2 protein chains.
Amino acid sequence: MMLNSPTADTTIVTTESIASALSQAIHEHRLAPGTKLGEDELSDIYRVSRTMVRAALQSLSHQQIVEIKRNRGAFVAQPSLTEAHEVFEARELLEPRTAKSAALNATPEDIALLNDHITQEHAALAAGDRGRALYLSGLFHLEIARIAKQQTIADMINVLIARSSLIIALYWRRESALCESQAHHALIKAIADNNGAFAEELMQSHLVDLHSALNLHELPPVGQNLKAMLLGAAPTQETS
Amino acid sequence: MMLNSPTADTTIVTTESIASALSQAIHEHRLAPGTKLGEDELSDIYRVSRTMVRAALQSLSHQQIVEIKRNRGAFVAQPSLTEAHEVFEARELLEPRTAKSAALNATPEDIALLNDHITQEHAALAAGDRGRALYLSGLFHLEIARIAKQQTIADMINVLIARSSLIIALYWRRESALCESQAHHALIKAIADNNGAFAEELMQSHLVDLHSALNLHELPPVGQNLKAMLLGAAPTQETS
DNA sequence: TAGATATAAATTGTATACAATATTGTGCGC
DNA sequence: GCGCACAATATTGTATACAATTTATATCTA
């Protein structure tokens, strides 16, 4: 499992840091949907007892990016088609108006921060690290909620973004990976211009774009269970 | 502490049931904001080990209706003025459009269920149990999200409702407790008529009503800490 | 050999023991 | 009596031990 294990024994490991590391790994697609997250395995990696691992896993399960099955363990969540639609519908409800607020609140420092995000995103893409680019792209959306000074909405968006990452891992269709960058650039401009109405509109269409770039009309997630895997295909995953 | 302790030793107590019992007690204002939730105390009440109590408290802290302070324990949350505004702003973003969807989806059974809710709400009020009426009123809002077939949004609304209950406990101003009933009746009618636009409008104004029925412009929460209580003045809120 | 069944291994669920921290109580000096 | 240092108590944080359950393995039968 590719995780950010602590480099030194002196590292202070809290429940949150474990949850955060796992969350980021999931967000960056280093952990595929369906992956088993064994407690012993994780407690070995992070050099803590199962107690803390369990707390971290429970935390992630509350965000619905990990599914805990009683007596069976924790798995990276596999959002269903229905859930996928719901997540994007929720985002379409929350984010456009939040982008509008952000446009009306944004300071030059905020704009600089957003631009910095884009730069990092480009750098990650240039380095071929699509997972990291996706993660940074999520942070961009989160940053907008922060600029809008709506922590409660930001929390909700944060969860929706993490779930979106899982949905993208399962249902992504398009090959073009750069479509987002343009949309983000345009958004920054609208926000920098304090053009709330336009920012709202751009965010709305951006989300619709993302939503429609998914295979949500026919295919169930692939590689779900052992049966499918053994009869021919690639990945090893579990059923829900 | 007035909690629903199990009546028999044979009761199967799960983490969720403890979290649910605590959540309901908070929702019904049987547990005031700021109340200390000691682990030993709760494990005595529910006859389980601290392990499960801790899991339940962590679950509630993720919903922000319980605040866990490291090395100090768990307390019923005390939403700040800012949080209070944010919660209602989030609800105003989510619920009107959800009510619209509900109006377009509702079946006769759904309408019957909503009416049943109102009836129970009235019964609770008639019995003088304002806490329970408040809880049922929250369920009414949740039920609408369920009718709209938006589980993800329903989950978010569920959390916002619980926090709203805390906010009401801290900032409620009006004496008239029945204002909601009328609004709910009107909403049911719009939904029963499949009048989405009107349902959306009614929900919006209902939430604005609730929001404006709070003392969110001046007073900080009362009865927070001993200093404030004894001095009878503006209390200093705890750090987050 | 396929299938079923019993047994063994591995994994999770829960409780408890101990350590770390915070809170409370006591005594001393002033 | 007041304030402060220090000890005693209580509470939370973490790890570990044991029980319950699932999963894997081996054995037996048709």
Side-chain angles (χ1 to χ4, degrees), chain A residues 1 6 9-22 31 34-62 66-77 224-231 236-240, chain B residues 1 3 6 9-22 31 34-62 66-77 224-227 229-230 236 238-240:
Chain A
M1 243 197 289
D9 288 348
T10 58
T11 308
I12 294 179
V13 182
T14 68
T15 301
E16 287 79 26
S17 71
I18 297 173
S20 170
L22 281 173
L31 289 175
T35 304
K36 171 80 184 280
L37 301 170
E39 298 181 358
D40 282 327
E41 190 178 6
L42 292 173
S43 62
D44 281 350
I45 291 174
Y46 293 111
R47 312 289 184 78
V48 292
S49 72
R50 281 175 51 216
T51 305
M52 299 187 69
V53 170
R54 279 177 74 85
L57 290 173
Q58 282 176 342
S59 171
L60 296 176
S61 86
H62 291 135
V66 160
E67 184 184 0
I68 295 178
K69 305 178 189 177
R70 185 175 175 86
N71 288 322
R72 302 219 20 225
F75 303 81
V76 179
Q224 297 296 41
N225 52 35
L226 279 292
K227 202 194 305 177
M229 179 193 146
L230 295 176
L231 293 184
T236 110
Q237 276 168 3
E238 299 269 330
T239 173
S240 59
Chain B
M1 247 199 283
L3 299 176
D9 288 350
T10 58
T11 309
I12 294 177
V13 181
T14 68
T15 300
E16 288 78 27
S17 71
I18 296 173
S20 171
L22 282 172
L31 289 174
T35 305
K36 171 79 183 282
L37 301 171
E39 298 182 357
D40 282 328
E41 191 177 6
L42 293 173
S43 63
D44 280 349
I45 291 173
Y46 293 111
R47 311 289 185 78
V48 292
S49 72
R50 281 175 50 217
T51 305
M52 299 186 69
V53 169
R54 279 177 75 84
L57 290 173
Q58 283 176 342
S59 171
L60 295 176
S61 86
H62 291 135
V66 159
E67 185 184 358
I68 294 179
K69 305 178 188 176
R70 183 173 177 85
N71 288 323
R72 303 221 20 226
F75 303 82
V76 179
Q224 300 292 45
N225 53 35
L226 279 293
K227 199 198 304 178
M229 287 195 66
L230 297 177
T236 62
E238 291 280 336
T239 63
S240 53

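Model, not experiment: these values are computed from the prediction. Just so it is clear: chains get the letters A, B, ... in the order the sequence lines come, proteins before strands, and each one is counted from 1.
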Enquirer: Check the distance between D:dT21's P and A:Ile68's CD1 and give it to me in whole angstrom.
Expert: 18 Å

Enquirer: Can you name the side chain to side chain contact (heavy atoms under 4.5 Å, CB included) partners of B:Asp44, sequence neighbours left out?
Expert: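 Result, side chain to side chain contact (heavy atoms under 4.5 Å, CB included) vs B:Asp44: none returned.
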
Enquirer: Please list, chain by chain and in numerical order, all residues satisfying side chain to side chain contact (heavy atoms under 4.5 Å, CB included) with B:Ala74, sequence neighbours excluded.
Expert: B:Leu37, B:Leu57, B:Val66, B:Ile68

Enquirer: Can you name the residues that form a side-chain hydrogen bond (donor to acceptor under 3.5 Å, both in side chains) with B:Gln58, not counting sequence neighbours?
Expert: none

Enquirer: Within the 4.5 Å heavy-atom criterion, are B:Glu67 and B:Ser61 side-chain neighbours or not?
Expert: no

Enquirer: Rounded to the nearest 0.5 Å, how far does CG of B:Leu42 lie from CZ of B:Arg50?
Expert: 11.0 Å

Enquirer: Using only side-chain N and O atoms of A:Arg72, determine if any of them is under 4.0 Å from OP1 or OP2 of D:dT21.
Expert: no

Enquirer: With nearest nucleotide decided by heavy atoms, which residue, B:Asn71 or A:Asn71, maps closer to the 5′ end of DNA chain D?
Expert: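 Final value for this comparison: B:Asn71.
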
Enquirer: Rounding to 10°, can you tell me the angle the first-five-pair axis of the helix from C:dT1-D:dA30 to C:dC30-D:dG1 makes with its last-five-pair axis?
Expert: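 The two end axes of the helix from C:dT1-D:dA30 to C:dC30-D:dG1 meet at 10°.
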
Enquirer: May I have the distance from A:Arg70 (atom CZ) to D:dA20 (atom C1'), rounded to whole angstrom?
Expert: 9 Å

Enquirer: Just jot down the side chain to side chain contact (heavy atoms under 4.5 Å, CB included) partners of A:Thr51, sequence neighbours excluded, or say none.
Expert: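 For A:Thr51, the residues satisfying side chain to side chain contact (heavy atoms under 4.5 Å, CB included) (neighbours in sequence not counted) are A:Ser49.
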
Enquirer: Reckon A:Arg50 touches a base, only the sugar-phosphate, or nothing at all at heavy-atom distances under 4.0 Å?
Expert: base

Enquirer: Run the numbers on B:Ile18 and B:Leu22 for side chain to side chain contact (heavy atoms under 4.5 Å, CB included), then give the verdict.
Expert: CA-CA 6 Å; B:Ile18 296 173; B:Leu22 282 172; 4.2 Å; yes

Enquirer: Using a 4.0 Å heavy-atom cut-off across all strands, classify B:Arg54 as base, sugar-phosphate, or nothing.
Expert: base

Enquirer: For B:Asp40 and A:Ser49, take the nucleotide of DNA chain D holding the closest heavy atom to each; which residue's nucleotide lies nearer the 5' end?
Expert: B:Asp40

Enquirer: Please answer whether the main-chain N or O of A:Glu39 pairs with a side-chain N or O of A:Ser43 as donor and acceptor at a distance below 3.5 Å.
Expert: yes

Enquirer: On DNA chain C, reading 5' to 3', which nucleotide is the first and which the last to sit with an atom under 4.0 Å from a heavy atom of chain B, could you check?
Expert: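 Span of nucleotides near chain B: C:dA15 to C:dT23.
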
